[in-house]
Amino acid sequence: MGRFGETAMWVLVALGRGPASATSLLDAVRDLDGRIGPATLFGALARLERLSLVQSTASVAGAREYRLGEGNQGAAT
Amino acid sequence: MSRLIRFYPAAWRARYGAELEALLAARPPKLGDRLDLMFGALDAHLHPELVAAGARAAAAVPIGHRIPGLAATAGGLLFVVALVGGGVSGAEGWFSWIWVALFLMLASLPGGYAARVGGRVGLGLAAIAASFILAWTLPWGPNVVPAVAAIVLVGAGSLALATVRAGLGRRRRWVAVGLGFGPPAVALLVVAMGIGGQGEGSLVPLALLVTLYGVAWAAVGLVLMFRGSPTFDPEPRGDPEPAR
């Protein structure tokens, strides 16, 4: 995870509240952890997706929504 | 801002590019964010494995989604072939293929993209419909203006809709419609007003200009075919789609 570790943790905390788009996630993580950059968010998301800790769903409108991966669902609740 | 996104690898852009653009449009970046994006681009180049699988999944376009682009490309090429063939041979039969070409072009327009860009598409369709009504209800002759307006709206409007469907940016949309419709419209106007000179030879350069319309459709169609666009958006599914 490297420098993305802390952001990744806050992403998981934010997704514990429910699915969110990248923009909503950026707002949520900034509320939790102060100002982070957009690339830091996507860097963390890419790593979390690769580890299956986060999944994304393509909506009909073309936007993507992120949610906790199946392995994380129990931990979040 | 899209200039910064260009520094990212193609696979990364295929997976996250649209989302990042939407995010930056909603939350305009400050100086610190721009630096973050530069570091992010470096990270993306150093770790291509993070998005490789997801990008392949995102790039997979069902064959059915390429049909509208295929129709637009075929329509554009057929338009050019019909004009050139008719011009070279002088046979009227060639020109009847133009109607088939126009049908293929229009057939490529309806699609699920309308739900995402409903305002622009609705305005375009309303303008095209209004122009048809004007052209058919008003008598020809002195009412040249509404007739010309109808041709402009239908010709340019349908091409503009195709560029919207193909997902071209604002500038490329203007270039495609401007180059694809501007010169042909001028050529048609010159012919209609009888100022293009006498004899068939003088019409050849004008006919070549009109072929630009077909070239523009073929070019936009190729982009549409490459990117793909569903005619009907699939129903939302409850299962999350892993993007690994």
Side-chain angles (χ1 to χ4, degrees), chain A residues 1-8 10-12 14-16 18-31 33-73 76, chain B residues 1 4-5 7-8 12 15-44 46-55 57-58 112-113 115-118 167 229-230 232-244:
Chain A
M1 283 282 178
R3 73 182 182 93
F4 298 96
E6 189 177 345
T7 302
W10 291 117
V11 166
L12 293 176
L15 289 178
S21 66
T23 305
S24 305
L25 268 180
L26 184 74
D27 292 339
V29 174
R30 282 177 173 176
D31 285 344
D33 190 35
R35 189 164 186 87
I36 64 158
T40 303
L41 173 71
F42 280 103
L45 278 174
R47 285 161 173 80
L48 289 169
E49 281 194 297
R50 186 165 175 79
L51 293 171
S52 301
L53 295 174
V54 164
Q55 291 179 327
S56 64
T57 312
S59 73
V60 172
R64 272 194 177 271
E65 200 171 61
Y66 293 88
R67 66 184 69 227
L68 291 178
E70 285 177 12
N72 260 329
Q73 297 283 1
Chain B
M1 183 40 57
L4 279 177
I5 297 179
F7 289 118
Y8 283 79
W12 195 98
R15 169 61 186 87
Y16 293 110
E19 282 179 87
L20 180 55
E21 284 206 49
L23 184 148
L24 294 176
R27 304 285 180 271
K30 297 179 178 175
L31 179 61
D33 296 329
R34 292 169 192 264
L35 287 174
D36 179 66
L37 286 166
M38 295 299 293
F39 282 117
L42 182 63
D43 174 67
L46 291 175
H47 299 286
E49 76 282 359
L50 288 174
V51 293
Y113 71 105
R116 292 190 291 277
V117 286
S229 175
F232 298 102
D233 273 334
E235 290 294 320
R237 292 177 302 172
D239 301 333
E241 174 194 328
R244 285 179 288 126

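Chain naming here is simple, since letters A, B, ... match the order of the sequence lines and numbering starts at 1 in each. Note that the structure is predicted; figures quoted are calculated from it, not measured.
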Check your understanding: Would a distance-only check, ignoring hydrogens and angles, find a side-chain to backbone donor-acceptor pair under 3.5 Å from R27(B) to D27(A)?
Key -> no
Point to revise | Structural part of F39(B) lying under 4.5 Å from a heavy atom of chain A | key: both
Point to revise | Residues that A28(A) engages under side-chain contact (heavy atoms from CB on, under 4.5 Å), provided they are two or more places apart | key: A14(A)
Review point. Who are the side-chain contact (heavy atoms from CB on, under 4.5 Å) partners of R30(A), not counting sequence neighbours?
Key: L26(A), R35(A), I36(A), P38(A), D33(B)
Revision key, fill the gap. Heavy-atom closest pair (A39(A) atom, Y8(B) atom, distance to 0.1 Å) is CB-OH, 3.3 Å
Exercise for review: Measure the spacing between OH of Y66(A) and CD of E19(B) and express it to the nearest 0.5 Å.
Suggested key: 3.0 Å
Check your understanding: What distance separates R47(A) CZ from E49(B) CD, expressed to the nearest 0.5 Å?
Key -> 8.0 Å
Exercise for review: Please determine, among L35(B), D36(B), L23(B), L20(B), the option with the most heavy-atom pairs under 4.5 Å with chain A.
Suggested key: D36(B)
Check your understanding: Would E49(A) and R15(B) count as a side chain to side chain contact (heavy atoms under 4.5 Å, CB included) if you check the C-alpha gap in whole Å, the side-chain angles of each, and the deciding distance to 0.1 Å?
Key -> CA-CA 12 Å; E49(A) 281 194 297; R15(B) 169 61 186 87; 3.0 Å; yes
